[in-house]
Structures are given as C-alpha cells and as structure tokens.
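As the structure is a prediction and not an experimental result, all values here were calculated from the model.
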Amino acid sequence: MSKIDGKLKTESILVHGGQEPDPNTGSIAVPIHQTTAYQFDSTQHAADLFALKQFGNIYVRLQNPTTTVFEKRMALLDGGVGALAAASGMAAVSLAVLNIAQCGDEIIAADSLYGGTYTLFSNTFKKFGIKVHFIKTSDLAGIQKLINEKTKAIYAETLGNPKLDISDIEELAELAHKNGIPLIVDNTLTPYILKPIEYGADIVVYSATKFLCGHGTSLGGVIVDSGKFNWDNGKFPIISAPDESYHGLKFTEAFKPFGNIAYIVKARVNLMRDLGSVISPFNSFLFLQGLETLHLRMERHCENAAKIAEFLRGNSNVAWINYPGFEDNSEYKRARKYLKKYSGSLIGFGIKGGINAGKKFIESLELISHVVNLGDARTLATHPATTTHQQLSKEEQLASGVTEDFIRLSIGIENTEDIIADLDNALKKSQI
Ligand code: PLP
C-alpha cells in the first residue's frame, strides 16, 4: 500500500490506489511489466519466496507488478484486505468457489445467475462432485432448509444478469454468517455504485471484462477478499488444515501477522499456481486505465439508462420493460437500498411481435452494437435466448428471466438523443 492509500476517497482510489511512482523511471502511468520471471537476490531469497516466508515476485503465474497494482486498487475500492486478478470473470468465479469447496461439498446459489456461471455450477461443478442448489435469493427460509454440514457458501449476483433482480445482500450475509458460511457475490454489473462488503459480503467477484474495463478491449476477472470471515471456525479445513504442497503450512496461522488474508493468499498460491488461469499484465494495465474513469462512466451509464428506460416505457412497440429504477418494478425498493440514486445501466424489454420482431429490431440497429457483452462505453444489445442463455433449458431460461422476445440493452455513454433515435428507428422497422 502506498503512503496515501489509506487516506483517499473512492474516486481518488480509482485514480491513484495501490500505485507508487515507478522507482526506476519515475513513470506516472503504471508500467506494463511484460515479463515471465523475476531475478532473485540470492539463493536464500529464492528459497524464502518459494516457502512463503517472504512476499515477493517469483513467476508471472503467481504475481506481476502491473497486476499487483490492479489487485491493490480493487481491494481498496471495495474495502477488502486483498485481491486476486484472473484471466476472465469465469476464472475468478471458479477460483472463488474452488478455494473453499471440493468434491462432496455443496453451494447454494441464486437461480437467476448469468448463464455462464449457471452452466459452470450446474454442469462442470457437478462433474467435480460439488453440488449446487439453485434457489431464489429472496427465499430465506428455503435457503436455510438447504443448508447442511456440507454447505460451504451462498452465492449471488448483486444485480442479476439479465433478470435485473437485486439480492438483499444484508439478509443473505446475516443468514450465511448465522450458519458459519461466507456470502460470495458477483458485483460485475454494479462496481463503484455498490460496495458489497459494506453490507456483509465476504468475497466479491467481478468480470473485469465489463465496466471495470469499460471499453470492450480485454478479458479479465478479479476476486476481492473482505478479510472479515473466520476460516478457522472448523468448517473450512480446506484453508485451515496443514497444506501438503507447502510442507504442512497452515494458511490461517502462517499469515495471521498480516491480517485475515488466508483465503486470498491460498487462492493465489494454491489455485492460481496449479490451475494457471492468469491475467496478462497488458490486460491489467488496460483495467487500470478503465478504473481511472470508472466513477464517471458508471454515473453516465446509469443516468443515460434512466432516460432510455423512460423512452422505451412510452413506446407503443414495446410490450414490457424491466428496469429497477421504475417505482412499479419488483426490485425498486432494493435498488434504492443498495444502488442509492442509481439503478444500473441494463434494461430488459420485450418487443411486440415476439421473436421475429426481435430479430428485425436487432438487425435494424445502426449505432447500437449487437454483441454478447455489457459495460462497454458503447450501447450494446443482446438477445439472451439465442446467445448467452442458449445452453439452458426452457425452465432454466425462464428462472433467469429469459423469454424469447427479451432484448437486453447495456446503455453506453453516448449522447442519449442518438441512442433514442437508433432505438426508435429499429423499433419502427421491427413492426414492418
Ligand atoms: N459474471 C457476470 C455477471 C457476467 O455477466 C459475466 C459475463 O458476462 C461473467 C461473470 C463472466 O465473465 P467473463 O466473460 O469475463 O469470463
């Protein structure tokens, strides 16, 4: 941590957090350390680094100075004790769960997750012997019933993609903690405007590919550890028991002098070491560029989305609209509690005329891009039923809020008059 990190407000953290001027060159931008390995001072130095007796750079699969600044900045942004960057959002989600769950364990997850996470949990984790129960996060009694001695975490998205349902993080965290398990939340859709750790989340994951990047250029992910969960409560020998690959080192004991960082250290020195889903230093650099303007972009994304939602609500070719900023939306109260004056920048809507009108609409867009991404400076449109959620069954699609006529918009930071003109034109053409 640099001398000023502890004193900075969020917006300043986004510009300066975790960074010291480069000692060799004075470079003001974080240098891209495009290297695979680092020169050791001596054989003793190398041995100490390998035995985790000393922190420092060993090999790029474990750490990289450019990535370290990105990780520190993310930990500072969310109020965590440490962070681990990964090659993608999916890598971050996988590592966050695999760090505490193994064959025979169970997880309880929201039933409205991003399609990729849903498939990871329902298909790949099943093959690993990890059972994931899917349930509405508002069904606290149902979640309690599912929790047993094998349960290792509750997992939810702050703002569900694409259902735009908002999890009550405070209630979920309370329930999780009462049962001695952590709450893991995916905050991909609401970075900066929501800090889940303030509401009791223990681990926060992100697809950095989206708003953290902000320009649709790079794939990456990150895990932030709140440092608040007690991994020594008897339920997590996977972290607290002697680690065979480090000659019996106990993560919870060995790193106590540095704070409660056992979870995030283990994620790096066990899982990242072994699975190798490492971020490239160049992508970390691009995410640092993104973070510098995250607060400005998030505000503009959300303000623009509010205007576009109003336009769509008044359009006769729109069958229905899902936007948490409308008072009659089921998520409105939680939006006010967790997102304050914002409501995110995603909008779901259905087109009159169903799937055929939907196809014509997408094909008539000129300014707005038809892609499977979100959180880009550009406005993006997606048809989840044929893309992100195609691999799910009809029932699973409906649980995720995906109907055939559903179009998801990720509102960018362009002038809203241009976005509205494009939507208006495509909506008209969709009915011809
Ligand atoms: N989490 C959420 C909420 C997402 O929307 C996505 C991707 O769309 C991911 C995780 C996966 O991220 P990535 O595509 O960076 O692997």
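No more than 12 heavy atoms of other residues, nucleotides or ligands sit less than 6.0 Å from atom CD of Glu174. For Arg300, the CZ atom sits in a loose shell: 12 or fewer heavy atoms of surrounding residues, nucleotides or ligands are nearer than 6.0 Å. Other residues, nucleotides and ligands place no more than 12 heavy atoms under 6.0 Å from the NZ atom of Lys9. Within a 6.0 Å sphere centred on NZ of Lys337, heavy atoms belonging to other residues, nucleotides or ligands number more than 12.
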Is there a salt bridge (charged side-chain N to carboxylate O under 4.0 Å, His left out) between Asp376 and Arg378? Walk through the geometry before answering. CA-CA 5 Å; Asp376 194 316; Arg378 305 159 189 84; 2.6 Å; yes
Begin with the C-alpha distance, continue with both residues' side-chain angles, and end with the deciding distance and a verdict on side chain to side chain contact (heavy atoms under 4.5 Å, CB included) for Phe55 and Phe255. CA-CA 11 Å; Phe55 291 119; Phe255 298 106; 3.8 Å; yes
Candidate pair Phe121 and Val97, rule side chain to side chain contact (heavy atoms under 4.5 Å, CB included), full reasoning: CA-CA 10 Å; Phe121 285 5; Val97 174; 4.1 Å; yes
Under the criterion side chain to side chain contact (heavy atoms under 4.5 Å, CB included), I'd like the reasoning laid out for Leu339 against Ile166: C-alpha separation, chi angles, the key distance, then a yes or no. CA-CA 10 Å; Leu339 308 181; Ile166 297 174; 4.1 Å; yes
Asp168 and Tyr338: CA distance, side-chain angles, deciding distance, side-chain hydrogen bond (donor to acceptor under 3.5 Å, both in side chains) verdict: CA-CA 8 Å; Asp168 199 314; Tyr338 289 108; 2.5 Å; yes
Could you walk me through whether Phe311 and Thr416 pass the side chain to side chain contact (heavy atoms under 4.5 Å, CB included) check? CA-CA 10 Å; Phe311 160 76; Thr416 46; over 6 Å; no
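A cation-pi contact links Lys152 to Phe236, judged by a cut-off of 6.0 Å to the six-membered ring centre and 45° from its axis. Figure legend: Arg336 and Tyr332 shown as a cation-pi pair, the cationic atom lying under 6.0 angstrom from the six-membered ring centre and within 45 degrees of its axis.
Using a 4.5 Å heavy-atom cutoff, the side chains of Leu84 and Val222 are not in contact. Using a 4.5 Å heavy-atom cutoff, the side chains of Arg268 and Glu71 are in contact. At a threshold of 4.5 Å between non-hydrogen side-chain atoms, the residues Asp418 and Asn415 count as touching. Two residues are said to be in side-chain contact when any heavy atoms from C-beta on lie closer than 4.5 Å; Leu140 and Leu172 meet this criterion. Put simply, the side chain of Leu288 reaches to within 4.5 Å of the side chain of Val30, judged on heavy atoms. In this structure, Asn260 and Thr252 have side chains that are not in contact, with every pair of non-hydrogen atoms separated by 4.5 Å or more. Side-chain atoms of Leu98 and Ile130, non-hydrogen and from C-beta on, do get closer than 4.5 Å to each other. Between Lys163 and Leu398, every side-chain heavy-atom pair lies at or beyond the 4.5 Å cut-off.
Taking both residues in full, the closest heavy atoms of Val81 and Gly227 are given as CG2-CA, 3.4 Å, listed atom of the first, atom of the second, then distance. The heavy-atom pair separating Pro162 from Arg408 by the smallest distance is CB-CD, 3.8 Å. The two residues Leu346 and Tyr323 have their closest heavy-atom pair at O-CD1, 4.0 Å. Heavy atoms only, all atoms of each residue included: Pro196 and Val185 are closest at CB-CG2, 3.5 Å. Residues Phe70 and Ala208 approach most closely at CZ-CB, 4.2 Å, considering heavy atoms. Residue Leu291 comes nearest to Arg297 through the heavy atom pair N-NH2, 4.4 Å, listed as atom of the first residue, atom of the second, then distance.
Judged purely by atom type and a 3.5 angstrom limit, Thr379 has no side-chain atom pairing as donor or acceptor with the backbone of Ile411. Looking only at distances, a side-chain donor or acceptor of Asp202 sits under 3.5 Å from a matching main-chain atom of Leu183. Looking only at distances, a side-chain donor or acceptor of Asn233 sits under 3.5 Å from a matching main-chain atom of Gly180. At least one donor-acceptor pair closer than 3.5 Å links the side chain of Glu157 to the backbone N or O of Tyr114. Here the side chain of Ser42 pairs a donor or acceptor atom with the backbone of His45 at under 3.5 angstrom. The closest donor-acceptor contact from the side chain of His370 to the backbone of Ile368 lies at 3.5 Å or more, if one exists at all. Proximity of a side-chain donor or acceptor of Thr25 to a complementary backbone N or O of Ser27 within less than 3.5 Å is detected. Remark: side-chain polar atoms of Ser88 are not paired, donor with acceptor, to backbone N or O of Gly220 under 3.5 angstrom. The backbone N or O of Leu8 lies less than 3.5 Å from no partner atom in the side chain of Ser12, so there is not a single donor-acceptor pair. Side chain of Asp105 to backbone of Lys131: no donor-acceptor contact under 3.5 angstrom is found.
To the nearest 0.5 angstrom, Leu164 atom CG is 8.0 Å from Asn329 atom CG. One finds the OG atom of Ser284 at 9.5 Å from the CD1 atom of Ile32 (value rounded to the nearest 0.5 Å). Atom CE of Met74 is separated from atom CD1 of Ile223 by 11.5 Å, given to the nearest 0.5 angstrom. With rounding to the nearest 0.5 Å, the separation of NE2 in His33 from CD in Gln63 is 12.5 Å. One finds the CZ atom of Arg61 at 10.0 Å from the CG atom of Leu275 (value rounded to the nearest 0.5 Å). Residue Ile203 holds its CD1 atom at 6.5 Å from CD1 of Ile264, rounded to the nearest 0.5 Å.
Below 30°, between 30° and 60°, or above 60°: for Phe229 and His177 the angle between ring planes is between 30° and 60°, a tilted geometry.
In this model, no donor atom of one side chain and acceptor atom of the other lie less than 3.5 Å apart for Asp225 and Tyr263. Under 3.5 Å, the side chains of Glu11 and Tyr192 contain a donor-acceptor pair of N or O atoms. With 3.5 Å as the limit, one finds a donor-acceptor pair spanning the side chains of Lys266 and Asn99. Side-chain atoms of Asn179 and Gln144 form a donor-acceptor pair, as typed in the model, at a separation below 3.5 Å. Between the side chains of Thr158 and Thr190, a donor-acceptor pair is found at a separation under 3.5 Å.
Ring centroids of Tyr59 and Tyr38 are separated by 6.0 Å or more, keeping the two rings apart. Taking the six-membered ring where the residue is Trp, the centroids of Tyr118 and Phe134 are separated by under 6.0 Å. Annotation: Phe349 is not in aromatic contact with Phe406 [ring centroid separation under 6.0 Å not met].
Using a 4.0 Å cut-off between charged nitrogen and carboxylate oxygen, Asp78 and Lys195 do not count as a salt-bridge pair. With respect to the salt-bridge test (charged N to carboxylate O, under 4.0 angstrom), the residues Glu331 and Arg334 qualify.
Of the residues listed (Thr188, Asn373, Asn161), the one engaging Lys210 in a side chain to side chain donor-acceptor pair (under 3.5 Å) is Asn373, and it is the only one.
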